[in-house]
J.: 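Have a look at this one.
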Amino acid sequence: MWEAINNFLVAVDDKVWGVPLMVLIIAGGVLLTSRLGLLQVRRLPLALKWMFKNEEEGDGEISSFAALCTALSATIGTGNIVGVATAVCAGGPGALFWMIVAAFFGMATKYSEGLLAVKYRVVAEDGHSLGGPFYYIEKGMGPKWKWLGKIFAFFGVCVGLFGIGTFSQVNGISSAVQNFFDPDKTNCINIPFLGQYSVAVVVSSLILAFFVAAILIGGVKRIAAVSQIIVPFMAVIYIIFSVALIICNITEIPNAIVTVVTAAFNPKAVTGGVVGSMIVAIQKGVARGIFSNEAGLGSAPIAAAAAQTKEPVRQGLVSMTGTFIDTILICTMTGLSIVLTGAWQVEGIEGVQVTTYAFQHGLPLPAKFTAFVLMLCLVFFAFTTILGWDYYSERCLEYLTNGHKTKIIVYRWLYIFAVFIGPYMTVSAVWTIADIFNGLMAIPNMIALFALSGVVVKETKAFFKAEKHKM
């Protein structure tokens with residue numbers, strides 16, 4: 001039965017993530033990059049400066065940095081460790097090249113999303129800020145397009161409950177915990193209707209569900225408070241270990257770069273025919289890149305709308321740094337580690353096992369220690385992603401139900417239940433479901449970004465003209 005379901009999901013995924021959607025997302029990024037005059041290059045230093053410098057004035061619930069950390073909590077997750085490994089194994093090393101290309105143009109997309117989120121946000125009766133694609137579709141494109149905002153919100157709820165937010169993250173956590181504590185499945189228990197699972201998986205799912213419930217009850221401020229501590233700390237640790245691996249294998253870097261670029265345009269030359277076409281490499285790279293950094297997906301602007309700022313452009317720049325940190329820094333390091341060590345060519349391993357292999361064979365440290373560090377990073381990255389996506393999907397549901405509190409509370413408990421059952425889903429099915437909802441969510445958001453690109457350009461020019469006069 002599972003095989004039949006998986007085959008059906010793969011067929012749907014291939015249709016959703018076909019050439020048209022990839023062209024739509026990349027074309028949107030190229031258009032915005034062109035109209036904004038390579039803003040992601042020219043204004044990146046300023047964006048990084050403002051990332052740490054909170055704005056004193058302005059409406060909103062949390063600081064710009066807290067909003068970024070909330071967004072990063074949802075983006076820096078299993079996509080950075082497991083997703084990159086899955087992309088490189090399925091699409092060859094060339095997938096990493098296309099992941100970086102998509103992220104470069106995605107920075108302009110993420111900037112535009114953050115700008116529009118703040119420009120068109122609204123304040124609810126109880127004082128909390130509401131914003132995101134559903135509001136910039138309705139208010140920017142006009143009330144007659146509200147149905148498109150509703151479609152986005154519906155898919156946003158589904159992505160949270162069935163995709164990025166729960167199953168894929170929890171599955172990544174449980175796999176990492178099992179690989180470290182019980183790799184041979186020597187301590188198993190039988191779960192009715194599901195089969196045999198390691199005690200490590202069952203215990204970790206219970207602990208995870210408890211902590212998720214404890215934090216989600218506190219709302220966006222508690223999520224932001226936790227994210228501000230965990231996200232920067234774990235990102236720095238992961239980057240340090242990745243940089244150390246790259247330095248330890250520095251003589252192999254030129255060959256690795258040649259392999260990545262060659263495989264991007266001629267996969268057969270590198271994979272020996274395992275990956276037959278450039279389209280597969282592009283598809284896996286773009287899909288996994290968007291899964292990781294969410295540029296074009298429309299999720300990050302939901303967090304950006306809560307930022308304490310009065311300048312849409314400023315928050316747009318801060319939002320843009322999320323894609324830079326997530327993909328151009330962290331995903332690139334993961335991908336290089338996998339290519340440098342040849343982990344992508346090892347048979348019989350998948351997902352987190354590929355990255356674990358890379359760290360264990362690329363660092364002159366005890367294998368058990370590096371596996372523990374990677375497990376810790378993955379657990380905390382995935383944990384914060386679960387929190388961030390609950391916030392996103394609850395805001396989507398709030399828009400759909402006009403703020404019906406009972407429905408939101410029921411959804412929150414459904415979300416916690418999905419976290420609990422996540423480890424018992426198969427790896428391939430989990431990623432396929434996440435990919436499908438990702439793609440469906442991106443469509444209405446990208447339509448809005450095309451339609452409102454003129455607004456983004458106008459706001460940007462006016463802001464920097466005013467800034468120039470201040471100097």
Side-chain angles (χ1 to χ4, degrees), residues 22-53 64-65 67-69 71-72 74-76 79-80 96-119 133 136 235 239 264 282 285-286 288-301 303-304 307 309 311-333 335 442 445-446 448-450 452-465 467-468:
M22 288 190 290
V23 169
L24 178 69
I25 292 171
I26 299 295
V30 171
L31 173 71
L32 291 163
T33 297
S34 173
R35 296 198 68 180
L36 293 167
L38 284 173
L39 176 132
Q40 65 264 56
V41 177
R42 294 184 299 107
R43 302 296 182 183
L44 182 60
L46 182 63
L48 292 169
K49 175 187 171 184
W50 279 346
M51 184 175 78
F52 297 104
K53 188 178 178 183
S64 290
F65 182 68
L68 175 66
C69 284
L72 278 173
T75 55
I76 298 179
N80 299 82
L96 178 61
F97 176 88
W98 294 113
M99 194 181 291
I100 294 167
V101 169
F104 174 77
F105 292 115
M107 287 173 71
T109 305
K110 188 71 77 78
Y111 164 79
S112 304
E113 290 174 332
L115 183 156
L116 293 170
V118 173
K119 179 174 175 61
Y136 56 70
I239 288 170
I282 294 173
V286 172
R288 286 287 177 262
I290 291 168
F291 182 94
S292 181
N293 64 51
E294 298 172 15
L297 208 60
S299 51
T309 180
E311 295 290 356
V313 169
R314 183 182 175 119
Q315 188 55 41
L317 287 172
V318 173
S319 295
M320 183 179 81
T321 62
T323 301
F324 177 77
I325 294 166
D326 177 271
T327 307
I328 294 179
L329 284 184
I330 298 177
C331 285
T332 299
M333 288 178 181
N445 182 56
M446 289 307 302
L449 290 178
F450 273 105
L452 299 173
S453 60
V455 175
V456 173
V457 174
K458 185 179 177 182
E459 286 279 333
T460 305
K461 286 181 178 177
F463 175 81
F464 285 111
K465 188 177 180 181
E467 284 289 304
K468 198 173 181 181

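Predicted, not measured: the structure shown is a model, and the values here were computed from it.
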J.: Considering non-hydrogen atoms only, spot the tightest contact between Ser453 and Arg35 and give its length.
T.: OG-NH1, 3.0 Å

J.: Could you tell me which residues satisfy ring-ring contact (aromatic ring centres under 6.0 Å, His included) with Phe97, sequence neighbours excluded, listed by chain and number?
T.: Phe265

J.: Taking all non-hydrogen atoms of both residues, which atom of Ala304 and which atom of Gly114 are closest, and how far apart?
T.: CB-CA, 4.2 Å

J.: Using modelled atom types only, decide if a donor and an acceptor are shared between the side chain of Asn445 and the backbone of Pro133 within a distance under 3.5 Å.
T.: no

J.: What distance separates Leu46 CG from Met320 CE, expressed to the nearest 0.5 Å?
T.: 8.5 Å

J.: Quick one: closest heavy-atom pair of Leu317 and Phe464, and the distance?
T.: CD1-CZ, 3.9 Å

J.: Testing Leu449, Val118, Val455, Leu115 one by one against Tyr136 for a side-chain contact (heavy atoms from CB on, under 4.5 Å), which residue passes?
T.: Leu449

J.: If you take all heavy atoms of Ala103 and Ile328, which pair is closest and at what distance?
T.: CB-CG1, 3.9 Å

J.: Taking all non-hydrogen atoms of both residues, which atom of Val456 and which atom of Ser112 are closest, and how far apart?
T.: CG1-OG, 3.6 Å

J.: Please walk me through it: do Thr109 and Phe105 pass side chain to side chain contact (heavy atoms under 4.5 Å, CB included)?
T.: CA-CA 7 Å; Thr109 305; Phe105 292 115; 5.6 Å; no

J.: Measuring only between side-chain heavy atoms, which start at C-beta, is Thr327 closer than 4.5 Å to Phe104?
T.: no

J.: Rounded to the nearest 0.5 Å, what's the gap from OG1 on Thr332 to CD1 on Ile100? Could you check?
T.: 3.5 Å

J.: Can you tell me how far the CZ atom of Arg43 sits from the OG1 atom of Thr321, to the nearest 0.5 Å?
T.: 15.5 Å

J.: So, applying side-chain contact (heavy atoms from CB on, under 4.5 Å) with Val457, which one of Leu39, Leu36, Leu452 is it?
T.: Leu36

J.: Look up atom CD in Gln315 and atom CG in Leu116, then write down how far apart they are to the nearest 0.5 Å.
T.: 12.5 Å

J.: Grab the two heavy atoms, one from Ala300 and one from Lys110, that are nearest each other, plus how far apart they are.
T.: CB-CD, 3.7 Å

J.: Walk me through whether Val286 and Met99 qualify under side chain to side chain contact (heavy atoms under 4.5 Å, CB included).
T.: CA-CA 5 Å; Val286 172; Met99 194 181 291; over 6 Å; no

J.: Do the side chain of Glu113 and the main chain of Pro301 share a donor and acceptor less than 3.5 angstrom apart?
T.: no

J.: Verify the distance criterion only: is there a donor paired with an acceptor across the side chains of Tyr111 and Thr323 at less than 3.5 Å?
T.: no

J.: Without hydrogens or angle criteria, can the side chains of Thr33 and Gln40 be said to hold a donor-acceptor pair below 3.5 Å?
T.: yes

